[in-house]
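Both backbone and side-chain heavy atoms feed into the values below; hydrogens, waters and symmetry mates do not. All chains are named by letter (A, B, ...) in the order of the sequence lines, taking the proteins before the strands, and each is independently numbered beginning at 1.
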Amino acid sequence: MRIATWNVNSVRARHDRVLAWLRRTDVDVLALQETKARDAQFPTASFEELGYQVAHLGHSQWNGVALLSRVGLDDVRAGFEGMPTWGDPPVAEARALSAVCGGVRVWSLYVPNGRTLDDPHLQYKLDWLAALRAAGAGWLAADPDAQVALVGDWNIAPRDEDVWDMRAFAGATHVSEPERAAFAAVVDAGFADVVRPFTPAPGNFTYWDYTQLRFPRREGMRIDFVLASPALARRVRGASIDREERKGKGASDHAPVVVELDDAGTTG
DNA sequence: ATGGTAGTCGAACTA
């Protein structure tokens with residue numbers, strides 16, 4: 001079984017690319033972020049024609065998350081316990097969607113950006129991650145053998161080697177100590193980064209800004225992650241970042257990230 | 001040099 005995550009930066013602008021990528025890669029579960037679509041705008045039928053069940057959580061103009069699965073899509077949930085809201089009045093931001101796919105609870109997550117270090121959005125980001133850590137710790141406390149995947153765009157580069165040049169990020173979000181601490185707290189709660197061991201730094205980025213020729217200059221960031229609960233991490237047999245998908249006209253600014261699992265019941 | 005590109009909708013905002 002293979003699970004993938006991809007910030008597509010508009011599922012409608014990327015429709016042909018996503019369909020072609022699914023045909024080419026044949027993944028079982030694909031989590032999407034930044035779909036930038038209301039539910040009625042989401043191209044559900046075209047994914048169903050490829051054999052995937054579809055869940056989408058849309059609404060706002062900029063965010064939106066989805067799950068495509070051909071190994072079942074059960075107990076769909078929007079948001080997690082204690083997830084903070086943003087805005088006054090609160091805006092339905094559509095940042096977290098989960099379902100049980102082939103025995104694994106997969107969360108498609110779009111962590112708040114934070115914007116700048118002095119913006120209230122940064123505290124919202126930290127609160128959001130703290131709530132996710134608390135919720136995740138609760139799931140593992142209730143069932144230490146739970147197979148849970150926290151996948152998506154975390155908008156954090158956990159290590160200096162996860163950006164092309166730390167000097168370019170002085171005073172910026174994504175690399176600050178509190179953001180890295182919030183990410184580390186999720187890891188400490190029991191969710192391991194299962195992609196990094198197969199894609200060691202330097203240079204294995206998942207995102208390259210559209211401006212400044214960042215991609216051809218290989219100036220990117222590693223901010224998209226698959227974090228796995230202990231029982232799921234034991235099943236991981238490989239992982240990759242599909243850098244090829246970032247190439248050419250009409251690419252998202254993020255590359256898909258793919259994790260390969262052992263068949264259930266054959267772990268050990 | 002306060003830039004650059006891409007997406008939403010159709011001005012301004014988000015990333």
Side-chain angles (χ1 to χ4, degrees), chain A residues 5-21 31-44 56-66 84-97 108-129 151-158 162-165 167-176 179 182-183 205-225 242-257:
Chain A
T5 182
W6 190 8
N7 179 326
V8 283
N9 185 22
S10 172
V11 71
R12 288 173 291 159
R14 222 68 61 209
H15 190 191
D16 291 347
R17 273 200 181 241
V18 176
L19 290 174
W21 191 82
L32 297 171
Q33 300 87 37
E34 283 204 81
T35 59
K36 296 188 175 179
R38 299 179 188 86
D39 288 337
Q41 297 173 313
F42 194 83
T44 299
H56 179 242
L57 182 59
H59 179 71
S60 85
Q61 189 170 331
W62 301 289
N63 305 323
V65 286
T85 58
W86 172 254
D88 184 18
V91 177
E93 288 222 293
R95 295 185 177 277
L97 176 71
S108 181
L109 302 173
Y110 181 46
V111 175
N113 177 284
R115 297 179 183 168
T116 59
L117 292 183
D118 60 357
D119 192 302
H121 205 256
L122 179 64
Q123 189 58 51
Y124 167 57
K125 178 181 192 174
L126 298 174
D127 293 344
W128 199 96
L129 287 162
V151 315
D153 178 356
W154 293 73
N155 272 314
I156 296 171
D162 296 333
V163 299
W164 79 92
D165 183 356
R167 291 172 295 185
F169 288 85
T173 59
H174 294 58
V175 300
S176 74
E179 289 168 274
F183 183 90
F205 302 129
T206 66
Y207 162 85
W208 300 260
D209 196 292
Y210 283 124
T211 68
Q212 309 291 328
L213 299 173
R214 292 300 185 205
F215 182 69
R217 290 176 174 165
R218 299 181 177 268
E219 296 174 342
M221 306 170 72
R222 186 199 292 260
I223 57 176
D224 300 87
F225 295 93
D242 190 355
R243 190 179 179 283
E244 291 297 307
E245 181 55 42
R246 180 61 179 80
K247 295 180 177 177
K249 180 175 164 60
S252 171
D253 43 1
H254 293 252
V257 179

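- Remark: A:R218 CZ is loosely packed, at most 12 non-hydrogen atoms of other residues, nucleotides or ligands lying under 6.0 Å away.
- The line from CH2 of A:W208 to CH2 of A:W164 is 12.0 Å long, rounded to the nearest 0.5 Å.
- Between A:H254 and A:Y207, the ring planes lie tilted relative to each other; the angle falls in the 30° to 60° range.
- Listed pair A:R14 / B:dG7 meets the phosphate criterion, a side-chain N or O lying under 4.0 Å from OP1 or OP2.
- A:N155 places a side-chain N or O within 3.5 Å of a backbone atom of A:V111 that can act as its donor or acceptor partner.
- Two residues, A:E93 and A:R214, neighbour DNA chain B, and the one matched to the more 5' nucleotide by heavy-atom proximity is A:R214.
- Note: CZ (A:R17) to C1' (B:dG7) measures 15 Å, nearest angstrom.
- Summarising the geometry, the separation between CD on A:Q41 and P on B:dG7 is reported as 15 Å, rounded to the nearest angstrom.
- Using modelled atom types, one side-chain atom of A:T206 and one backbone atom of A:D224 make a donor-acceptor pair closer than 3.5 Å.
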Sub-3.5 Å pairs of nitrogen or oxygen atoms, protein against nucleotides 1-3 of chain B:
none

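- Look at CG on A:D209: it is 13 Å from P on B:dA15, rounded to the nearest Å.
- Residues of residues 243-251 of chain A that place a heavy atom closer than 4.0 Å to DNA chain B do not occur.
- Under 3.5 Å, the side chains of A:D242 and A:W21 contain a donor-acceptor pair of N or O atoms.
- Regarding A:L32, its CG atom lies at a distance of 16 Å from the C1' atom of B:dG7, rounded to whole Å.
- With B:dT5, B:dT8, B:dA15 as the candidates, the nucleotide lying closest to the side chain of A:Y210 is B:dT5.
- Which of B:dA15, B:dC13, B:dT5 sits closest to the side chain of A:R95 comes down to B:dA15.
- Relative ring orientation between A:F225 and A:F183 is described as tilted, the plane-to-plane angle lying within the 30° to 60° band.
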Under the side chain to side chain contact (heavy atoms under 4.5 Å, CB included) rule, what do A:F205 and A:R246 come out as? Steps first, then yes or no, please. CA-CA 11 Å; A:F205 302 129; A:R246 180 61 179 80; over 6 Å; no
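- The interatomic distance linking A:W86 (CH2) with B:dC13 (C1') rounds to 14 Å, in whole Å.
- The separation between A:N9 atom CG and B:dT8 atom P is 8 Å, rounded to whole Å.
- A straight line from CD of A:E34 to P of B:dG7 spans 11 Å, rounded to a whole angstrom.
- Among the heavy atoms of the strands lying under 4.0 Å from A:R38 are primed sugar atoms or P, OP1, OP2 only; no base atom is included.
- With C1' as the reference atom, B:dA1 and B:dG10 are 30 Å apart, rounded to whole Å.
- Distance A:W6 CH2 to B:dG7 P: 13 Å, rounded to the nearest Å.
- Contact of the A:W128 side chain with the A:R95 side chain is registered, since non-hydrogen atoms from C-beta on lie closer than 4.5 Å.
- Using modelled atom types, one finds a donor on one side chain and an acceptor on the other under 3.5 Å when comparing A:N9 with A:K36.
- The phosphate of B:dA15 (OP1 or OP2) has a side-chain N or O of A:R115 nearer than 4.0 angstrom.
- Out of B:dT8, B:dG4, B:dA15, the shortest distance to the side chain of A:T211 is found at B:dG4.
- Within 4.0 Å (heavy atoms only), A:F215 reaches no atom of the nucleic acid at all.
- Residue contacts for A:Q33: at a heavy-atom cut-off of 4.0 Å it reaches no nucleic acid atom on any strand shown.
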